[in-house]
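Values reported hereafter were calculated over all heavy atoms of this structure, with side chains retained and with hydrogens, waters and symmetry mates removed.
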Amino acid sequence: MSSLFLTSNSAVRAISSKALLATGKSSRLLSLSFLALSMAACNTIPKADTSPVLAEPNLPIEQAYGAFGDETVSTSEQPSIAGQRWQDFYSDERLKGLIALGLENNKDFESARLAIEKARAQYQITDINDLPAINGEAGYSRRRTSGPQGTSTGDNYNVNLGLANYELDFWGKIASLKDQALQNFLATSAAKDATQISLISNIAQSYANLSYSLAQLKLAEATAESRERSLFIADKRFEAGVDPKLPSLQASASLENARLAVLRAQSSILTSRNALQYLIGAPIPNELIPAPAVSNITSQQIFNAGLPSELLRYRPDVLQAEYSLKAAGANIEVARASYFPSISLASSVGVSSGSLDDLFKSGSVGWSFGPSISVPIFDAGRLDANYDVAKIEREQTLANYEKSIQTAFREVSDVLATRATLGQQLEAQYRLQDNFEQTYQIADARFKAGIANYLDVLDAQRSLFSTQQGILDLELQKIVSQIELYQALGGGANLDVPTAIPVPHKNLVQLVNLPASTNKAKAVNAIEAASSARVASPQEAGAIKQAQAKETASFEPTAVVDVNDDGTTDAAVGVITEKITFDTSTETVPVTQIVEP
């Protein structure tokens, strides 16, 4: 009979036959079989992956949006505007009334709220499945038997109260299923916050669009009125023979262009009203219609973007991707726990009798209790395939998490880049307006004095009108950029009502607090930490990967040989790839995961 040795560069450890075997040949064979099965199980069951999950968005996060002016100072003294409630960020009372209507009536937001309730119910279903289920059963049967004694016919009545198969969560499968459902619930809650932020932003932008459409209409009507007076003068000068027909035709064409601007502004107003009405889900009250060209709708003077880390905390789409990543990590543990045996308890107590009258009399009571175990032996690779699918899904969710971070920083940077030159553009546009106003006054005076033609007046009118329209467009863009920045930073979620996380029930193993459950809890905590991604810079991620590679390389592969009783050795039967621990009755022996050569 031979003993199993693990050979290394510096030492040879042996599991002697005396330590492994009790007495007799059969017990020796049983012990070796148990050792072989244990080592085979170590080779089959995937090792728990507790390494940290690193998100690498490949962006210079610390310098992502720090070069767009004083309003984006990234210091702890200037917190992000996303930390403000929308009721405090917006100062326009009409706008706040419309936002309140939208949050009450908008169908998309209502659907998002219902999705949260559905996810909460699904989590509760998963959690309740971990509670013992007691079923009551009643039955009646009539049987007939034939034999040497003759034929007999009888009835049987029974009433039973039974505990259905209750699984003991030794390996954390049920806990991982509940954690997965919980993370999906939190992801749905984050999706609702994203819907709310988008709804508030769209209402505010539609409000601003309607306001400046009214301003464009007011400007176009004033321009059309001015050009009507110009046409009247041109016609009178033509009738008096002072000017030819051409100035009158030019004035008429200029008036028609102004009337077209009026019609376009009216169409824009109708479109903006329809959009706003759709968003709030109700007719717009007259008292909530905005004034033309609102100059300010927020209470902010400095629109600070805060620290880059705050963006990851406030953006609900980033949080949703993070919760999905945690759910995928829990799903890996579900797939891994499926490799282990499933242990269940079942019991029943009831009464049985051949007569319904005697059913509840003494002596007819019976009970049963017993555990059951199901061990996966051969599944044609189904467990391995499910585990691979779970790992791939986590890689997919990690990629989505990294993409959500990239999207968040890009959107913030785009808004800040737009805002960086808006002030300068407005100043230039106002200077142009002053220039064209003076040009128009001079051209009009020269035309009336008869020393210039009417074409100079028309050019000055068109330039002045175009510049005034451009000023309104830039003022609108300034207001919209404030709204977009608040949205891009993650502002607008309901900060007053935190998500209520249901308290999960405990499995019987956790209540008993067995040592195995304590060790499992430590492992679950480590896996939970590993399933939550941490954002790392490219340099940090490279350093961590390099350190992990060195740690893996520091353990040298070791051959496994079989040593016979006479001292001779057989050929190597495998290769040690990493250290694990196998507890025997005599001592703890370093055993290893074995890979076939």
Is [Y] paired with [X] through a side-chain N to carboxylate O contact shorter than 4.0 Å?
X      : Y      : answer
Arg313 : Glu322 : no
Glu411 : Arg315 : yes
Arg113 : Glu110 : no
Asp434 : Arg431 : no
Lys391 : Glu395 : no

With no hydrogens and no angle check, is any side-chain donor or acceptor of [X] less than 3.5 Å from a backbone partner on [Y]?
X      : Y      : value
Thr418 : Asp414 : yes
Asn209 : Gln205 : yes
Ser248 : Ala234 : no
Ser272 : Ser268 : yes

* side chain to side chain donor-acceptor pair (under 3.5 Å) assessment of Ser176 paired with Glu333 -> CA-CA 6 Å; Ser176 297; Glu333 275 307 291; 4.9 Å; no
Return yes if a side-chain donor-acceptor contact under 3.5 Å exists between [X] and [Y], otherwise no.
X      : Y      : value
Gln477 : Ser481 : no
Asp473 : Tyr212 : no
Glu393 : Asn331 : yes

* Asked: Under 30°, 30 to 60°, or over 60°: which ring-plane class applies to Tyr486 and Tyr90, parallel, tilted or perpendicular?
  -> perpendicular
* Can you name the nearest heavy-atom pair linking Ala282 to Asn105, along with the distance? -> CB-ND2, 3.9 Å
* Check the surroundings of atom CD in Glu256: do more than 12 heavy atoms from other residues, nucleotides or ligands lie under 6.0 Å from it? => yes
